[in-house]
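Here, residue 1 is the first one in the sequence, and each next residue gets the next number. Reckoned from all heavy atoms, side chains included, excluding hydrogens, waters and symmetry mates.
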Amino acid sequence: MKTRITELLGIEYPIIQGGMAWVAEHNLAAAVSEAGGLGLIGGANAPGEVVREEIRKAREITKKPFGVNVMLMSPHADDVARVVVEEGVKVVTTGAGNPEKYMNMWKEAGVKVIPVVASVAMAKRIERMGADAVVAEGMESGGHIGELTTMTLVPQIVDAVSIPVIAAGGIADGRGIAAAFMLGAEAVQMGTRFVVAKESTVHENYKQRLIKASDIDSTVTGRSHGHPIRCLRNQMTREYLKLEKEGKSFEELEYLTLGALRKAVQEGDIKNGTVMAGQIAGMIDREMTCKEMIEEMMEQASGLLER
Ligand code: TUI
């Protein structure tokens with residue numbers, strides 16, 4: 001399945017791993033790249049030097065290309081943006097904002113830039129800025145989300161831009177990949193499925209919670225203050241949604257979730273922590289290696305697309 005994305009990135013399969021905060025560290029990114037997809041290290045809120053170390057550790061495990069996701073709301077985004085250039089990273093994805101101020105620096109350094117967007121307007125803007133491709137991310141995704149679904153967003157972005165489109169949100173098997181291709185995408189980005197990869201170092205409690213999740217187990221916090229986050233329902237989301245209904249301020253609510261993602265991912269506190277996951281979690285039922293997942297999904301997708 002050669003597409004403009006597999007050519008652009010020099011990868012075997014049109015599968016990109018999401019740059020998930022706290023989850024997408026060097027072991028997972030290297031495993032996805034080794035399996036023929038594109039692994040990403042998630043910069044999240046980490047300082048530049050931490051990301052630099054992650055890049056170097058990934059290079060010790062794989063010679064294949066991998067990328068870095070720059071989370072634009074991070075206070076360290078400027079540093080991470082510079083570190084990726086200094087370390088010679090070939091691909092950058094961005095999330096949760098407008099990457100305009102880094103575009104010239106990245107383009108001059110020959111970095112391929114693939115912003116994640118949640119609207120047609122933003123897709124058009126980043127194409128004008130010189131982006132190489134775009135990830136169209138639907139609200140089925142885990143973490144920070146937009147308003148539209150993958151089914152509606154992907155074809156509208158495909159029609160609006162000439163650069164290749166990568167579909168994300170709600171994709172976790174070969175059927176999802178085939179469907180995304182039918183909508184005009186030339187690759188997919190998947191997060192939730194890779195959280196339970198054998199090579200993923202997230203806490204076992206987090207993996208098991210995701211494996212046990214049903215179709216209706218995710219909810220969205222933060223809509224009232226414009227920072228919607230999809231995660232699995234627990235004590236934290238119940239408390240958060242209650243306070244949101246009472247009209248509590250962004251600052252008061254932030255206090256509740258300070259460090260909550262790390263608490264869930266590293267300490268396994270899935271009651272009080274933030275268990276970010278997409279709506280497709282209900283379909284994910286076991287841990288597999290990245291290679292097993294990717295090969296199984298590609299076989300299923302190719303079979304469907306040949307039909
Ligand atoms: O970025 C994501 N997903 C994320 S980032 C994240 S870390 C975090 N943790 C706590 C609070 C906030 C963030 C967890 N999940 N996905 C990519 C994505 N980007 N989805 C939506 C967007 C987006 C939204 C608005 C992209 C551009 C945009 O533009 C706004 C503007 O500046 O016009």
Side-chain angles (χ1 to χ4, degrees), residues 5-11 15-117 122 125-135 137 143-144 163-164 166 187 189 191 194 199-201 261-262 265-266 290:
I5 294 293
T6 59
E7 295 297 301
L8 177 75
L9 304 177
I11 54 178
I15 297 180
I16 295 168
Q17 164 239 321
M20 300 165 283
W22 285 102
V23 173
E25 47 68 77
H26 65 276
N27 289 296
L28 182 63
V32 171
S33 289
E34 273 296 295
L38 185 82
L40 288 180
I41 290 168
N45 276 319
E49 291 313 307
V50 172
V51 178
R52 192 193 303 280
E53 279 311 304
E54 284 293 306
I55 295 166
R56 292 184 177 177
K57 284 182 195 158
R59 287 228 170 92
E60 285 173 16
I61 316 179
T62 185
K63 298 272 170 291
K64 300 254 178 90
F66 61 86
V68 170
N69 174 268
V70 180
M71 211 282 278
L72 296 166
M73 275 164 56
S74 165
H76 304 292
D78 287 356
D79 288 341
V80 176
R82 183 177 39 79
V83 163
V84 296
V85 171
E86 288 168 3
E87 291 299 311
V89 171
K90 298 280 182 289
V91 189
V92 164
T93 66
T94 64
N98 183 343
E100 186 159 16
K101 69 172 173 168
Y102 307 121
M103 284 306 274
N104 282 346
M105 174 174 70
W106 287 336
K107 297 305 297 176
E108 275 166 26
V111 179
K112 300 201 167 69
V113 187
I114 311 183
V116 180
V117 305
M122 198 65 192
R125 269 164 80 181
I126 62 98
E127 177 175 52
R128 279 199 299 274
M129 284 173 210
D132 295 278
V134 62
V135 178
E137 190 185 271
H144 181 86
I163 51 175
I166 300 162
Q189 178 184 279
F194 286 120
E199 295 91 342
S200 153
T201 55
L261 180 60
R262 192 198 63 77
V265 172
Q266 294 203 321
C290 293

What distance do F66 atom CZ and Q17 atom CD have between them, rounded to the nearest 0.5 Å? 11.5 Å
Determine whether I126 and I163 satisfy the following criterion, side chain to side chain contact (heavy atoms under 4.5 Å, CB included), listing intermediate values before the conclusion. CA-CA 10 Å; I126 62 98; I163 51 175; 4.0 Å; yes
All pairs passing salt bridge (Lys or Arg N to Asp or Glu O under 4.0 Å) where residues 40-50 contributes a residue, at least two apart: E49-R52
Apply side chain to side chain contact (heavy atoms under 4.5 Å, CB included) to the pair R59 and E87, showing each step before the final yes or no. CA-CA 11 Å; R59 287 228 170 92; E87 291 299 311; 4.2 Å; yes
For a 4.5 angstrom cut-off between non-hydrogen side-chain atoms, does N98 reach M129? yes
Are side-chain heavy atoms of E199 and E34 found at a separation under 4.5 Å? no
Pairwise side-chain contact, V111 with Y102, heavy-atom cut-off 4.5 Å (strictly under): no
Would you check if the side chain of K90 reaches a backbone N or O of P65 as a donor-acceptor pair within less than 3.5 Å? no
Please test L38 against Q189 for side chain to side chain contact (heavy atoms under 4.5 Å, CB included), starting from the C-alpha separation and ending with a verdict. CA-CA 9 Å; L38 185 82; Q189 178 184 279; over 6 Å; no
If you draw a 6.0 Å radius around CD in E86, do more than 12 non-hydrogen atoms from other residues or ligands fall strictly inside? yes
Does a side-chain heavy-atom distance below 4.5 Å link V113 with M103? yes
In this structure, CD1 of I61 is separated from CG of N27 (nearest 0.5 Å) by 4.5 Å
Distance col, row T93:OG1 vs N69:CG, nearest 0.5 angstrom, shows 3.5 Å
With side chain to side chain contact (heavy atoms under 4.5 Å, CB included) as the test, pick out the partner of L40 among I16, I114, L28, V68. I16
